[in-house]
Amino acid sequence: MKIIINTSSMVPIYEQIVDQIKTLIRNKELKENDILPSVRSLAKELKISALTVKKAYDNLESEGFTITVHGKGTYVAATNTELLLEEQKKELEADLEQAIQKGRRCGIPDEEIKELFELILEG
């Protein structure tokens, strides 16, 4: 399992871990009953606090993506990948809406905002 942390991002590290594990599940790189690295080993690998990894794992468990068996580890739970994809689309939609609102607050006309989105999609 390859997790990459962007320390210059405004997104908290635990959220980056959660998002990347959800993507691995959605892409079927992690399947039901696959074991995740231990909190300590992932923290050591990423050179971050074990509490940060624990927070990410707790978040994944509370959302139903993983199951933790004390003394045994954290496993991927049975996941509806279509539901996961829909959730991620909603998050992206909210982010795009924020970008549009910010553009409007800055006085950028809707047509220019649309051109920017088209330019991004082409690149």
Could you verify whether a donor N or O on one side chain and an acceptor N or O on the other, from Thr74 and Thr66, lie under 3.5 Å apart? no
Measure the shortest side-chain to side-chain distance between Lys90 and Glu86 over non-hydrogen atoms and say whether it is less than 4.5 angstrom. yes
What distance separates Glu61 CD from Tyr75 OH, expressed to the nearest 0.5 Å? 12.5 Å
Sequence neighbours excluded, the answer for side chain to side chain donor-acceptor pair (under 3.5 Å) partners of Lys55 is none
Got a second to check how far Asp58's CG is from Leu51's CG, nearest 0.5 Å? 10.0 Å
NZ of Lys22 to CG of Leu24, rounded to nearest 0.5 Å, is 12.5 Å
Do the side chains of Leu46 and Thr52 get nearer than 4.5 Å, heavy atoms only? no
Between Leu96 and Phe117, is any pair of side-chain heavy atoms under 4.5 Å apart? yes
Pairs flagged by side chain to side chain donor-acceptor pair (under 3.5 Å) wherever residues 105-123 is involved - sequence neighbours left out: Arg104-Asp110
Are Asp19 and Gln88 close enough that some pair of their side-chain heavy atoms sits under 4.5 Å apart? no
To the nearest 0.5 Å, atom CD of Glu15 lies from atom OG of Ser9 at 9.0 Å
Can you measure from CG (Leu42) to CD1 (Ile21) and round to the nearest 0.5 angstrom? 6.5 Å
Any side-chain heavy-atom pair from Val53 and Tyr14 closer than 4.5 angstrom? no
Beyond-backbone contact of Met1 with Gln20, side-chain heavy atoms, under 4.5 angstrom: no
Set out, in order, the CA-CA distance, both residues' side-chain angles and the distance that settles side chain to side chain contact (heavy atoms under 4.5 Å, CB included) for Gln16 and Ile3, then state yes or no. CA-CA 9 Å; Gln16 293 181 45; Ile3 303 282; over 6 Å; no
I'd like to know if the side chain of Glu97 pairs up with that of Gln101 as donor and acceptor (distance under 3.5 Å, no hydrogens or angles considered). yes
Indicate if Val39 and Ile5 have the same hydrophobic cluster label, given that clusters are the connected sets of ILVMFWY residues with side-chain heavy-atom separations under 4.5 angstrom. yes
Is there side-chain contact between Ile35 and Lys72, with at least one heavy-atom pair below 4.5 Å? no
Compare all side-chain heavy atoms of Ser38 with those of Tyr57 and state whether any distance is below 4.5 angstrom. no
Minimal heavy-atom distance between Ile17 and Ala56, with the atoms involved, is CG2-CB, 3.7 Å
Might you point out which heavy atoms bring Gly64 and Ala77 nearest each other, and give the distance in Å? O-CB, 3.6 Å
Set of side chain to side chain donor-acceptor pair (under 3.5 Å) partners for Asp34, sequence neighbours left out: none
Apply side chain to side chain contact (heavy atoms under 4.5 Å, CB included) to residues Val76 and Leu36 and explain how you reach the verdict. CA-CA 7 Å; Val76 176; Leu36 298 180; 4.3 Å; yes
